[in-house]
Amino acid sequence: MRIAVYGTRSYDRTFLSAANADHGFDLQFLDAPLTLSTARLAEGHEAVCVFVNDKADRAVLEALASAGVRLLALRCAGYNNVDLAAADRLGIAVVRVPAYSPHAVAEFTVGLLLSLDRKIHRAWSRVRENNFALDGLVGRNLHGRVAGVVGTGQIGALVARTLRAGFGCDVLASDPVVDEGLVEIGVRYVEREALLRESEIVTLHCPLTPDTYHLIDAAVLVAARPGLVVVNTSRGALIDTAALIEALKQRRVGGVALDVYEQEAGVFFDDLSSEIIDDDLLQRLLTFPNVLMTGHQAFLTEEALDAIARTTLQSVSDFAAGRALPNRIRSETVRS
Ligand code: NAD
């Protein structure tokens with residue numbers, strides 16, 4: 001089985017190569033992301049492996065199908081970048097890694113929130129220059145604050161539990177599926193509008209769907225509590241970035257911690273430190289003293305990378321052997 005692995009970086013190669021010792025697939029590591037123009041690189045490969053910002057829309061999938069690809073293996077959990085209906089129509093099976101390490105993302109989320117709130121990143125850059133003054137570094141306790149968790153699946157549930165049981169926050173949650181274990185520890189499920197209106201901190205852990213696109217928009221930010229802290233480690237397009245910048249400029253938002261960004265494709269995962277970046281929204285976001293941003297890093301632990309590599313190659317192995325694919329996603333999955 002030949003697999004074209006798009007958009008690979010050093011850590012992908014390390015963990016996929018190690019996991020491949022159990023399989024012996026022919027892995028072709030490509031630096032390039034999957035786009036319409038790079039789809040032809042999959043010629044002669046039955047499987048293609050992609051990540052969060054690789055584009056698998058209808059046109060790309062048609063190009064892959066013509067190149068002979070029969071399996072698209074996402075080495076991530078989210079699948080908003082894939083046209084599943086087109087994949088089904090073209091006979092390309094799509095698999096993902098539904099749960100490689102919710103702990104990796106949940107822990108990073110809480111870490112980002114703490115860094116932002118307690119200004120740890122700013123303190124570190126001061127201390128490195130022998131500036132030990134504390135002025136401007138006053139933070140807030142997490143204890144007793146109202147924290148809203150949107151989406152209490154695997155990641156959101158861990159975050160909600162940590163904020164509630166670990167820090168003693170008053171945790172509100174919104175999810176069509178109620179987690180009774182969270183209710184037992186005092187998490188209160190409310191309508192999404194109420195959560196966004198009443199929370200002092202909002203952290204996003206739902207998938208990106210038509211229903212959740214721009215879940216945080218201008219109207220939400222106007223109705224929110226003054227000084228709202230927004231954390232997003234899920235998908236960038238859950239937030240209307242232009243509206244967020246406007247709210248930051250009007251001093252209505254207290255702080256923003258982002259691991260994901262609406263237009264991150266083509267920017268994140270690359271060293272652009274010597275480049276001029278054309279995205280004015282991204283550049284403006286980075287100028288605010290109360291915005292903390294990382295480049296889609298929440299998943300990046302050894303445990304998660306190992307689990308991603310193993311699960312992905314196991315799915316390819318199952319596909320090659322004609323076995324059932326427990327991690328397959330179809331267009332019906334999205335609609336249900
Ligand atoms: P999950 O499927 O276990 O949980 C998602 C939850 O969202 C489910 O409980 C679902 O019922 C709920 N949900 C669906 N629609 C909703 C809505 N409209 N409002 C509120 N809740 C809704 O997924 P997960 O493993 O917890 O991952 C959550 C998201 O985190 C993924 O969709 C992915 O986008 C993102 N993610 C980011 C990283 C990263 O590195 N930054 C890594 C992994 C996952």
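We're numbering straight along the sequence, starting at 1. Everything numeric here is computed off the predicted structure, so don't read it as measured data. First listed ligand is number 1; within each ligand, the first listed atom is number 1.
Below 3.5 Å of separation, one finds an N or O of Asp175 facing an N or O of ligand 1. An N or O contact shorter than 3.5 Å is missing between Tyr100 and ligand 1 by distance. Taking only nitrogen or oxygen atoms, main chain and side chain alike, Gln297 does not reach within less than 3.5 Å of ligand 1. Ligand 1 has no N or O atom lying under 3.5 Å from any N or O atom of Val260, backbone or side chain. Backbone and side-chain nitrogen or oxygen atoms of Leu208 are examined, and none is located within less than 3.5 angstrom of a nitrogen or oxygen of ligand 1.
When non-hydrogen atoms are compared, ligand 1 lies under 4.0 Å from the side chain of His296 (C-beta onward) but not from its backbone. Both the backbone and the side chain of Ile155 come within 4.0 Å of ligand 1, counting heavy atoms alone.
Checked by atom type, the side-chain pair Tyr189/Thr152 shows a donor-acceptor distance below 3.5 Å. Side chain to side chain, Glu262 and Thr241 meet the donor-acceptor criterion of an N or O pair below 3.5 Å. Arg75 and Thr312 share no donor-acceptor pair across their side chains, judged by distance under 3.5 Å alone.
Expressed to the nearest 0.5 Å, how far OG1 of Thr301 lies from CG of Asp306 amounts to 9.5 Å. With rounding to the nearest 0.5 angstrom, the CZ atom of Phe25 is 6.5 Å from the CE atom of Met1.
Here the protein heavy atom with the shortest distance to atom 32 (O) of ligand 1 is Pro207 CA, 3.3 Å. Closest to atom 4 (O) of ligand 1, if we only count protein heavy atoms, is Gly153 CA, 3.2 Å. Of the protein's heavy atoms, Thr233 O, 3.1 Å lies nearest to atom 37 (C) of ligand 1. The single protein non-hydrogen atom nearest to atom 25 (O) of ligand 1 is Gln154 NE2, 3.3 Å, given as residue, atom name and distance.
Contact analysis puts Ser234 in contact with ligand 1, with a non-hydrogen atom separation below 4.0 angstrom.
Residue Gly151 has at least one heavy-atom neighbour below 4.0 Å for each of these atoms of ligand 1: 7 (O), 20 (C), 21 (N). Listed by number with element, the atoms of ligand 1 under 4.0 angstrom from any heavy atom of Phe299 are 40 (O).
Put simply, atom 2 (O) of ligand 1 has no protein non-hydrogen atoms near it, under 4.0 Å away.
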